[in-house]
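Beneath this line is the structure, given in C-alpha cells, with notes to follow.
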2 protein chains.
Amino acid sequence: MRKASSPGTASGATVHEVARVAGVSAATVSRFLNGTAKVSDEKRKAIESVIDKLNYKPNVLAQNLKTGSSRTIGVLTQSLVSGYFADAMAGIDDVLQGTGYAPLIVSGHWHADEEAERVELLIARRVDGLVILSGKLKDAQILKLAQRVPIVAFGRKLDGPQAYGFSLDNYWGACEAVEHLILQGHRQIAFIAGPPDHQDAQARLAGYRDTLKKHKIKESAQLLVDGDFSESGGLLAVERLLESGRRFSAIFAANDLTAYGARLALYRRGIRVPDDISVVGFDDLHSSMYTTPPLTTVRQPLFDVGRCLGKAIVRMIGQEPLDLEVPQLSLMVRESVRRIP
Amino acid sequence: MRKASSPGTASGATVHEVARVAGVSAATVSRFLNGTAKVSDEKRKAIESVIDKLNYKPNVLAQNLKTGSSRTIGVLTQSLVSGYFADAMAGIDDVLQGTGYAPLIVSGHWHADEEAERVELLIARRVDGLVILSGKLKDAQILKLAQRVPIVAFGRKLDGPQAYGFSLDNYWGACEAVEHLILQGHRQIAFIAGPPDHQDAQARLAGYRDTLKKHKIKESAQLLVDGDFSESGGLLAVERLLESGRRFSAIFAANDLTAYGARLALYRRGIRVPDDISVVGFDDLHSSMYTTPPLTTVRQPLFDVGRCLGKAIVRMIGQEPLDLEVPQLSLMVRESVRRIP
DNA sequence: TTGAAAGCGATACCAG
DNA sequence: CTGGTATCGCTTTCAA
C-alpha cells in the first residue's frame, strides 16, 4: 500500500529526511531552522542545500503540537461587514504581517452569548492571544478569560496581568463636535443618540449634554431622539424630529451611519444640507468623504487602533512591556455644517 | 499537585487521563468522542461523566497533527476594508458556522505576487481548502495550486479536479443597467470605466457598448471615460466629462464607489441628480440605499456568493458533488434615474 | 557543536 | 466491542 499523500496535501519531506540526506541529525536541522543553537558552517551548508533540493517546509501542525502554540491571534469583532470594524481588522492584519502570527477572525454580532461561544472556539483552537473589539461581554468575564489567554481589548478600559484594554475619548469627541456647531453659530442642536446600553453612545450623549450646558444652552427633550447606530435609525429619528415641530438648525448624529440616514430623511423632505440644516457625524467612515455634502465628523482612527491592538497583543504574548501610543480622535471639518451669521 | 500548565494555557486533561480515570483505554475514549465505533453503554457513561468532571477538551493541535488537517479554510480576499469583499466574507463565515471549519483570512491587495505569497502562507498552515475572491492570479496558477489544495474561486470560471470557480454575469448586469436608462428615455449615456485589466470591468464596458449598439445609439469617445473603481476616480472622471463639453443626460458608473465620486463631482458643480443627470452604479453596496438620492444600481448578491463559495469548498473537501445554485445579479431601481419624456 | 531519544496528545490499526 | 501500540513531524533535554 502506498503511503502516498493523505487526502489533499502534496506534503513534502520531513526533518528526518532532510537530516538523513544532509548527513546530520534531525535535531541539528531543527536547530538550524530555528536558530536555537550554533550549527557548524559545513553542516549549515549541507542542510541549506538539501532543504531547497527537497523543497522542505516544516509542518506547522507538528510545530504547533510540540510548542503548544498555534501562532495565531484570535480576533473577536462584532460585524464582518461594518466599515468601522473592518478598518480595525485591517490595522491588526497590517501589524501582524511578518510576525508569524495570523489572525483568526470571528464575529460576535453584538451578542454576549455568541461572543462567549466564539471566544471559546478561539481558545479551543489554541490561539496565542485574543483581541476583542467592543462587544457586550462584561469586563469581569474578560478578566476571567484572561487567565487562560492574553487579551487586548478595544472599547473598554482594562488593566490586568494578562489583559489590557483602552478606548478612545468619545466624550471628548462629542464635545468637540458640539463645540464646533456652537462656534458656527448653532444653538438649536438636535442629537440622535445611539443604543442606550452602548458605552460609546453614552459618552457621546454626555458630551452633547455637557457642552450644551457649558454654553448655557438649554437642553430640549424634543431635540434628543433615539437612534440605533444604523441608517434606518437615523432616518426615523429625523422624521420624528421634524414631526415634533421643534425648530433646530443642526443635527449631531451619534455615528456616521445615523448621519447618512438623517441626511436621506432631510433630502426626502427637500431640506438642504447644510443650507437649511447642518449635520455632524461620528466615526469618519470612508464614504463620509464622499457623501453630498462631505460629512463633518469626528474621526476615529480605527486602522491605527487596529495596529495598536496588534502590537499590544504580540508584545503581551512575548511578555514585553506594551508601551503603546494610543491614537486620538479628531474633528474632520468638511462641508455639512453651515456658519450661521 | 496539578500538572502545572505549560506556558500560557490552563490546559486540561488528555485522553489518557480521561481514560485512566474512567477505567477504559484511550482508544475507547477517542472512539466515543468521534463516534468512530460503538462503545458499550456502561463505558460511555463512565467516560461522559469523567469528561465533564475533568472538563476535558480535546487538544485541537494534536488532532490536527494526527489527522493532517487543520479544519481551516483559507480565504484570500483583496481588501479587508471593502464593503464588497466584506459581504462575501460574511457569507463564507455564515455557512462555515457549525461545520467545524474556521476561515483564515488574508488579503492580497490586488497584487499577484502578494496573493501568491499569502496563499503559500495559507498552505503552509495546512488549510483544508482555499477560497479565492477575485484577484490577479492567473487561472493557470490557480489550477496548479489546486493540485495541492482544493480551491473555489469567485470572479473567474474554473473547472478542474480540485478547482471550481464562477463569476456573475457582469455583462448581463451592465446591459440591464443601460437598458433601464434607455427605457427611461436616455440616449446620451456616459460610462465611467473600471480598471482596464479587470475582468468584471471589461464585461461591464462590453455590456454598455453592446446595449448602445443594440439600440442604434452611436457611441461617443467623449462619453467613455476612465475610472479605477474608486470614488476619487469617479470624481475625476466626471470633471473630465464636464470639461469635454459633450452633453449627456446619464452616467453609468462601473461600480458604486465610482458612482459616489461621480455624484459628489456633480454636486460640486451644482448639477442635480436625477433632475439634471441620472446616475446608475454597479454592486449595490449597503450605503447605496442611503445616498442622496438612493442609487439605482446592479445588485451583486455578495453575501449569497459567499455562502455559495463556503458550501462549495466544504463539499469539495468532503468529496461531495458541489451542486450549487449560483446567485444572480439584479437591477435595483431606486431614485437616481429620471425618466426623460 | 552534535546526536539519540523522549515525548506533545490524539487517532487508528491490529489482535483478541 | 475493546485495549495495546505505533505514529503524525517536530522540538528539546541529556549526554557525549
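None of the values given here were measured: they were computed from a predicted structure. In what follows, every chain begins at residue 1, and chains take the letters A, B, ... in the order their sequences are listed.
Counting heavy atoms from C-beta on, the side chains of B/R125 and A/T72 come closer than 4.5 Å.
A salt bridge links B/R118 with B/E114; the closest basic N to acidic carboxylate O contact falls under 4.0 Å. The residues A/D304 and A/R307 are annotated as not salt-bridged, no charged nitrogen and carboxylate oxygen being separated by less than 4.0 angstrom. Ion pairing of B/R315 with B/D323 is absent here, as no side-chain N (NZ or NE/NH1/NH2) approaches a carboxylate O to less than 4.0 Å.
The nearest whole Å value for the distance from the CD atom in A/E17 to the P atom in D/dG9 is 9 Å. Distance B/R20 CZ to D/dG3 P: 15 Å, rounded to the nearest Å. In this structure, CZ of B/F32 is placed 16 Å from C1' of C/dA10, rounded to the nearest angstrom. In this entry the distance linking NZ of B/K38 with C1' of C/dA12 reads 19 Å, nearest Å. Going from atom CZ of B/R71 over to atom P of C/dA10 covers 17 Å, rounded to whole Å.
For A/L65, counting side-chain heavy atoms from C-beta on, the closest listed nucleotide (D/dC1, C/dC8, D/dC8) is C/dC8.
Residues that satisfy the ring pair (Phe, Tyr, Trp, His ring centres under 6.0 Å) test with B/F303, not counting sequence neighbours, are absent from this structure.
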Could you encode protein contacts along nucleotides 10-16 of chain D as a string, one character per nucleotide from 5' to 3', using B for base contact, S for sugar-phosphate-only contact and - for no contact, with a heavy-atom cut-off of under 4.0 Å? BBBB---
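Using a 4.0 Å heavy-atom criterion, one finds that A/V24 contacts the sugar-phosphate atoms exclusively.
Nearest heavy-atom pair across B/V127 and B/V149 is O-CG2, 3.7 Å.
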